[in-house]
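All remarks here apply to the structure that follows.
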Amino acid sequence: MFRLIRALAIACATAAVALLTAAPASAHGFTSTVYADVTSPESGHVHASLGLEYDLLVVSAADYQHDDPLFRQGTAAFEAHDSAAQAAALETHADTVMRYVSERFRVTASGQACAPVRDGGFTMEERDGVPYTRLVLDYRCAAAESHQVYSGLFPDAEGYVRDTKTIVTYELDLTSGSAALDAHQPSFSTQQAWTQRFWEFFRLGAEHLLTGLDHILFLLALIAGSRRLREIVLAATTFTLAHSVTFVLAALGLVRAPAAVVEPLIALSIAVVAAWPLWRLYRRGAQASELDAGGHFSLDRTGWARLAVVFCFGLAHGLGFASALGIDAAWSWTLLWSLLVFNLGIEVVQLAIIAVVFPLLALLRHRASLTPALATGVLAAGVSVMGLTWFVERIFAL
């Protein structure tokens with residue numbers, strides 16, 4: 001009996017940790033991503049198109065320049081969900097916004113600063129269900145063989161968000177590619193080594209999974225519903241194949257889904273996959289962990305049906321990963337290599353979580369005759385509840 005109580009306490013603690021850390025409606029925490037497309041139309045001329053989170057831009061620029069009217073006007077437009085009013089607020093206070101952005105996003109040519117001017121007005125768009133501002137800057141530079149791009153936008157010191165990422169795609173100095181900038185690596189050069197770019201996107205993928213609680217909970221749901229090690233390995237592989245498919249399709253511009261559809265679907269996937277073992281526990285009780293007559297790969301019909309569900313939902317997660325890299329335009333080939341490295345970072349962390357959690361859960365399941373049902377049921381129930389909670393919040397934009 002003591003072993004049973006101890007096992008139940010451990011399972012409850014596991015579910016409680018998931019519930020407590022999952023409190024925010026946004027599964028990725030208070031972070032922000034800046035998107036920058038940098039090109040050089042001609043020698044001495046650099047063109048930068050920036051995508052900036054609107055409400056964050058308003059509060060950061062207003063605070064930096066002590067521009068209270070910008071804060072009031074911009075916040076009112078944000079709360080009213082009025083994109084025209086949002087653009088108008090930025091236009092009215094263009095000097096404030098330009099000073100903030102130009103001092104934190106810089107381009108240099110062989111170490112010499114390029115002078116920026118605004119090209120056109122502020123336009124509004126939406127990314128992951130969040131209003132973004134599109135700001136285009138033209139830089140006049142001295143003739144040079146290499147360019148450097150620096151981003152210090154929305155730093156941790158401001159206290160509004162943490163760990164801002166700037167995803168840069170570029171065509172400069174007869175080279176094209178992409179870079180991921182943050183507080184640890186705030187700048188890059190067009191002459192940087194490929195190994196450095198590899199590490200930047202590998203780390204970005206690893207951090208995206210670790211800070212994306214919805215993806216971690218989906219992985220925990222896979223682990224909770226797996227009766228044997230081969231099941232979780234096959235499920236994780238199926239998930240990988242599925243989100244890789246939508247990664248590539250998004251990069252080719254062949255598929256695109258709005259965040260209003262993708263984000264609720266990701267939340268629903270967590271609830272459904274976590275509810276799978278609960279249904280088996282309801283139908284079969286203590287025998288829920290037993291396999292039926294084996295088939296290909298030693299999976300029974302339940303195992304194959306679960307893989308089909310995992311694959312379908314993995315497609316939705318792939319669209320979420322693609323959105324994190326700013327893949328929203330057709331034929332984004334400059335991001336394709338970085339996308340694969342980003343994906344590799346995700347997979348390494350995913351395998352590490354499986355290597356740690358599954359053996360612990362397997363050990364817990366073998367402690368007593370009723371422990372498998374308790375351990376699986378409590379963990380699956382906690383994850384399923386969080387998935388349903390996020391689903392409702394994202395459907396109704398709570």
Side-chain angles (χ1 to χ4, degrees), residues 14 17-18 20-22 24 26-31 33 128 162-165 167 178-185 195-226 229-248 250 262-263 266-267 269-270 273-274 310-311 313-327 335-362 379 382-383 386-387 390:
T14 303
V17 169
L20 290 174
T21 57
S26 172
H28 296 92
F30 296 98
T31 63
T33 303
D128 293 333
R162 59 177 177 81
D163 197 25
T164 298
K165 308 288 187 201
I167 306 300
S178 50
L181 307 181
D182 59 15
H184 301 290
Q185 182 69 39
T195 52
Q196 185 175 353
R197 289 194 293 124
F198 180 97
W199 170 245
E200 289 170 0
F201 277 91
F202 180 89
R203 181 167 57 87
L204 184 63
E207 290 178 353
H208 185 75
L209 187 68
L210 286 173
T211 58
L213 190 57
D214 47 3
H215 302 303
I216 290 180
L217 287 185
F218 185 81
L219 188 58
L220 290 179
L222 292 181
I223 295 172
S226 297
L229 179 59
R230 61 175 171 267
E231 280 197 327
I232 181 57
V233 171
L234 287 172
T237 301
T238 299
F239 178 63
T240 297
L241 291 174
H243 71 66
S244 296
V245 167
T246 41
F247 249 154
V248 173
V262 173
E263 292 301 319
I266 289 176
S269 74
I270 297 169
V273 173
V310 169
F311 183 84
F313 283 129
L315 297 175
H317 283 253
L319 291 174
F321 289 140
S323 178
L325 279 182
I327 300 175
L335 272 175
L336 193 55
W337 182 86
S338 301
L339 177 154
L340 296 176
V341 178
F342 179 88
N343 198 25
L344 180 61
I346 290 174
E347 299 318 314
V348 169
V349 173
Q350 180 174 273
L351 291 174
I353 293 174
I354 292 172
V356 172
V357 176
F358 187 80
L360 293 177
L361 187 60
L379 178 60
V383 173
M386 282 314 307
W390 279 337

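- Within the model, atoms CG of L217 and CG of L222 stand 11.0 Å from one another, a figure rounded to the nearest 0.5 Å.
- Closest of all the heavy-atom pairs between V383 and A221 is CG1-CB, 4.1 Å.
- Residues that satisfy the side-chain contact (heavy atoms from CB on, under 4.5 Å) test with A180, not counting sequence neighbours, are I167, E200, F201, L204.
- One finds the CG atom of L315 at 5.5 Å from the OG1 atom of T246 (value rounded to the nearest 0.5 Å).
- Under the 30°/60° scheme for interplanar angles, the aromatic rings of F239 and H317 are found to stand perpendicular.
- In this structure, the side-chain hydrogen bond (donor to acceptor under 3.5 Å, both in side chains) partners of S244, at least two apart in sequence or on a different chain, are N343.
- Applying the ring pair (Phe, Tyr, Trp, His ring centres under 6.0 Å) rule to F313 yields no partners; only residues at least two apart in sequence or on another chain are considered.
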Enumerate donor-acceptor pairs with a distance under 3.5 Å from any side-chain N or O in residues 349-362 to protein atoms, sequence neighbours excluded.
| from | atom 1 | to | atom 2 | distance (Å) |
| --- | --- | --- | --- | --- |
| Q350 | NE2 | T240 | OG1 | 3.4 |
| Q350 | NE2 | E347 | OE1 | 2.9 |

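- Not counting sequence neighbours, the partners of T238 by the side-chain contact (heavy atoms from CB on, under 4.5 Å) test are L307, V310, F311.
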